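Here the structure is laid out as structure tokens; the discussion comes afterwards.
Here the structure is a predicted model, which means the values were calculated and not measured.
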Amino acid sequence: MKKVLISLIVILSSVSYLNAQFTKAGGGTGFTTGYLFHEMDYDYNKSGHIFASLKGIYEITVPIHVSPSFTMFIPHIYKQFDSRTTVNTMMFDINGHYVFNSLDKMEFYALAGIDVLLAFKRDKYIGTTSEVFKEHDNAFGLNIGAGTYFKLTEQFDIYGEAKYLLSKYDQFMFNVGVLVNLDWLIKHENTGL
């Protein structure tokens with residue numbers, strides 16, 4: 001896992017040396033079909049379906065963007081009379097966007113990229129003595145999908161994105177959110193607007 005995280009850090013730091021410009025940052029929320037922890041089909045083994053995410057956009061050239069993101073799922077909690085099971089999930093993604101049209105108000109893009117999913121499961125048994133068992137799992141995967149940006153104002157865009165994650169924990173994800181146009185903020189930071 002350390003090798004994967006080090007690779008992600010190297011990729012992110014090298015992007016800034018490719019004459020890229022960090023143009024947008026923001027976040028949103030979404031829905032996922034979820035996955036089964038360790039691929040075992042039990043009610044207590046399911047992940048959450050709602051998530052929050054943070055996202056940035058690096059503009060390398062007019063049609064090519066790179067988008068790193070961090071996603072945190074709302075935990076799935078399963079309770080029985082003597083136990084409580086929680087499945088937590090975090091994801092790190094680096095996606096490439098190919099923008100098909102660069103219109104004034106709207107842009108459509110295809111995306112492909114890599115994903116690192118970190119899954120954690122915690123079982124707590126309540127009885128005469130409370131016992132806690134913890135497990136974790138990591139999965140490396142590929143993203144494929146499409147999305148759009150829609151300009152609300154000069155400062156803000158809204159986005160919608162649909163992607164399929166191909167990995168040990170396959171799932172479909174749909175995400176919407178708001179992006180702040182950092183170019184506009186930098187140009188107007190000293191003007192008082």
Linked, directly or transitively: [X] and [Y] (ILVMFWY side chains, under 4.5 Å):
X: Ile77; Y: Ile74; result: no
X: Val66; Y: Leu142; result: yes
X: Tyr164; Y: Phe174; result: yes
X: Val116; Y: Met90; result: yes
X: Phe156; Y: Met106; result: yes

Answer with yes or no whether the side chains of [Y] and [X] bring together a donor and an acceptor at under 3.5 Å.
X: Tyr35; Y: Thr89; answer: yes
X: Asn143; Y: Asn95; answer: yes
X: Thr32; Y: Gln171; answer: yes
X: Tyr78; Y: Asn45; answer: no

Checklist entry - Does the ring center of Tyr109 lie less than 6.0 Å from the ring center of Tyr149? => result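 Here the rings of Tyr149 and Tyr109 have centres that are less than 6.0 Å from each other.
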Next on the checklist: Would you compute the distance between atom OH of Tyr98 and atom OG1 of Thr61 and round it to the nearest 0.5 angstrom?
Outcome noted: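 Rounded to the nearest 0.5 Å, the OH-OG1 separation comes out at 8.5 Å.
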For [X], I'd like to know if atom [atom1] has over 12 heavy atoms of other residues, nucleotides or ligands within 6.0 Å.
X: His136; atom1: NE2; value: no
X: Lys151; atom1: NZ; value: yes
X: Ile144; atom1: CD1; value: no

Any donor-acceptor N/O pair, [X] side chain to [Y] backbone, under 3.5 Å:
X: Asn138; Y: Leu118; result: no
X: Ser167; Y: Ala139; result: no
X: His76; Y: Lys46; result: yes
X: His65; Y: Tyr58; result: no
X: Thr148; Y: Glu107; result: yes

Checklist entry - Between Phe92 and Phe70, what is the ring plane arrangement, given parallel below 30°, perpendicular above 60°, and tilted in between? => result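 Geometry flag for Phe70 against Phe92: tilted rings.
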On a heavy-atom basis, which atom in [X] and which in [Y] lie closest, and how many Å separate them?
X: Asn175; Y: Ser53; value: ND2-OG, 3.1 Å
X: Thr86; Y: Pro75; value: CG2-CB, 3.8 Å
X: Lys163; Y: Asp93; value: NZ-OD2, 3.1 Å

Next on the checklist: Walk me through whether Tyr42 and Phe37 qualify under ring-ring contact (aromatic ring centres under 6.0 Å, His included).
Outcome noted: CA-CA 9 Å; Tyr42 302 112; Phe37 188 80; over 10 Å; no
